[in-house]
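This report concerns only the one structure given below.
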Amino acid sequence: MTDYQRIEQVLKYHGLSARALALAIDLKSPQIFYDIKANKCGISKELATKIQERFLDISAAWLLTGEGSMLKDDSGASKPDAFSLPYLDIDAAAGFSDVETTGGNMRFYTMPRCDAAMPVRGRSMEPYIHDGDIAAFVMLPSAASIRPDGIYIVQYVDDESFTHITVKRAKQSPLGSGYIRLAADNPEYGCEDIPLSAITRVALVKFTITQISY
């Protein structure tokens, strides 16, 4: 198995594109993966470590050598140490609302590493995200990191200088490259085009936890 074939297995297993994987491990672009595919270079120890630190279930040794199993548990390795995420009590998300934050933490084992987690309020992202679900996310450096079809937590300032935070799917805006369309998955809800310059913070949603009620 080639180095790029191992990268492809990681992409397939976690449902990522090369660009999404690059963002997840704090690379400015996915060019390194294209270079590996073209046999210009191989998987370095640094790259394998970055992937393993974000995706705790992936074996760095397997990435480097191809020996053993892709998943740590399948190779007989011990369960990775738990990591904690700050829990932000933000009353916002699937509808536009003001920002209110407090603290707390949550613990995970084999989920992709994230920066924090927050509750989602509202029904606009159903059926993918439900009211009360918890979204874990990775902070992005700027609005320029937003890519179409990803789900993002976006903090922005409106024309009246009010700050809002929302969880929406990003779409290409018909208003041009200086805007992004924040779209709801639920067809009962609409969308909004906002200028990239109005976005003050942005994060990529990596996974969600569904609140099950009986």
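Along the sequence shown, the residues carry numbers beginning at 1. Only this structure's heavy atoms are used, side chains among them; waters, hydrogens and symmetry mates stay out.
In terms of modelled atom types and a separation under 3.5 Å, the side chain of Gln5 and the main chain of Thr2 share a donor-acceptor contact. In this structure, Asn186 contributes its side chain and Arg123 its backbone to a donor-acceptor pair below 3.5 Å. Not a single donor-acceptor pair under 3.5 Å links the side chain of Ser124 to the backbone N or O of Tyr189. When atom types are taken as modelled, the side chain of Thr166 and the backbone of Lys168 share no donor-acceptor pair closer than 3.5 angstrom. In this structure, the side chain of Arg6 engages the main chain of Leu63 through a donor-acceptor pair within 3.5 Å. Although no hydrogens or angles enter the test, the distance criterion places no donor-acceptor pair under 3.5 Å between the side chain of Arg169 and the main chain of Gly150.
Put simply, CZ on Arg147 and CD on Gln172 are 12.0 Å apart, with the number rounded to the nearest 0.5 Å. Separation of atoms CD (Glu192) and CG (Asp158) is listed at 8.5 Å; rounding is to 0.5 Å. Note that CE of Met139 and CD1 of Ile153 are 8.0 Å apart. Values are rounded to the nearest 0.5 Å. Atoms CE and CD, on Met1 and Glu67 in that order, are 12.5 Å from each other to the nearest 0.5 Å. Atom CD1 of Ile51 and atom CG of Leu27 lie 8.5 Å apart (nearest 0.5 Å). Rounded to the nearest 0.5 angstrom, Thr208 OG1 and Met118 CE are separated by 12.5 Å.
A pairwise comparison of heavy atoms in Ile58 and Gln52 identifies O-CG, 3.0 Å as the closest pair. Contact detail for Phe137 and Ala203: the closest heavy-atom pair is CD1-CB, 3.4 Å. Closest approach of Ser59 and Ser69 over heavy atoms only: CB-O, 3.7 Å. Considering all non-hydrogen atoms of both residues, Ile151 and Met125 come closest at CD1-CE, 3.9 Å. Taking both residues in full, the closest heavy atoms of Tyr152 and Leu204 are given as CE2-CD1, 3.7 Å, listed atom of the first, atom of the second, then distance. Between Leu64 and Ala48, the shortest heavy-atom distance links the atoms CG-CB, 3.8 Å.
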Step by step, work out the side-chain contact (heavy atoms from CB on, under 4.5 Å) result for Trp62 and Gln9. CA-CA 11 Å; Trp62 172 83; Gln9 284 202 20; 3.8 Å; yes
Show your reasoning for whether side-chain contact (heavy atoms from CB on, under 4.5 Å) applies to Val120 and Asp131. CA-CA 6 Å; Val120 177; Asp131 182 33; over 6 Å; no
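Phe33 has its side chain within reach of Leu21: a pair of non-hydrogen atoms, C-beta onward, lies under 4.5 Å apart. Residues Asp193 and Ile180 have side chains not in contact (no heavy-atom distance under 4.5 Å, counting atoms from C-beta outward). Looking at heavy atoms from C-beta onward, Ile146 lies in side-chain contact with Ile199 at the 4.5 angstrom threshold. Here the side chains of Cys191 and Arg181 are in contact, with some heavy-atom distance below 4.5 Å. Inter-residue side-chain proximity for Val202 and Gln155 is flagged as unmet; no heavy-atom pair is nearer than 4.5 Å. Between Arg121 and Pro119, the closest side-chain pair of non-hydrogen atoms falls below 4.5 Å.
Under the 4.5 Å side-chain heavy-atom criterion for grouping Ile, Leu, Val, Met, Phe, Trp and Tyr, Ile165 is not connected to Val157 through any hydrophobic cluster. Leu140 and Tyr179 fall into different hydrophobic clusters, where Ile, Leu, Val, Met, Phe, Trp and Tyr are joined by side-chain heavy atoms under 4.5 Å apart, directly or via other members. Residues Leu175 and Tyr156 do not share a hydrophobic cluster, clusters being chains of Ile/Leu/Val/Met/Phe/Trp/Tyr side chains in contact below 4.5 Å.
Atom OH of Tyr34 is surrounded by more than 12 heavy atoms from other residues, nucleotides or ligands within 6.0 Å. Tyr4 OH: more than 12 foreign heavy atoms inside a 6.0 Å radius. Around the CZ atom of Arg201, the shell of radius 6.0 Å holds no more than 12 heavy atoms that belong to other residues, nucleotides or ligands.
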Please set out all donor-acceptor pairs under 3.5 angstrom arising from side-chain atoms of residues 35-44, sequence neighbours excluded.
unit_1: Asp35; atom_1: OD1; unit_2: Gln31; atom_2: NE2; d: 2.9
unit_1: Ser44; atom_1: OG; unit_2: Leu47; atom_2: N; d: 3.1

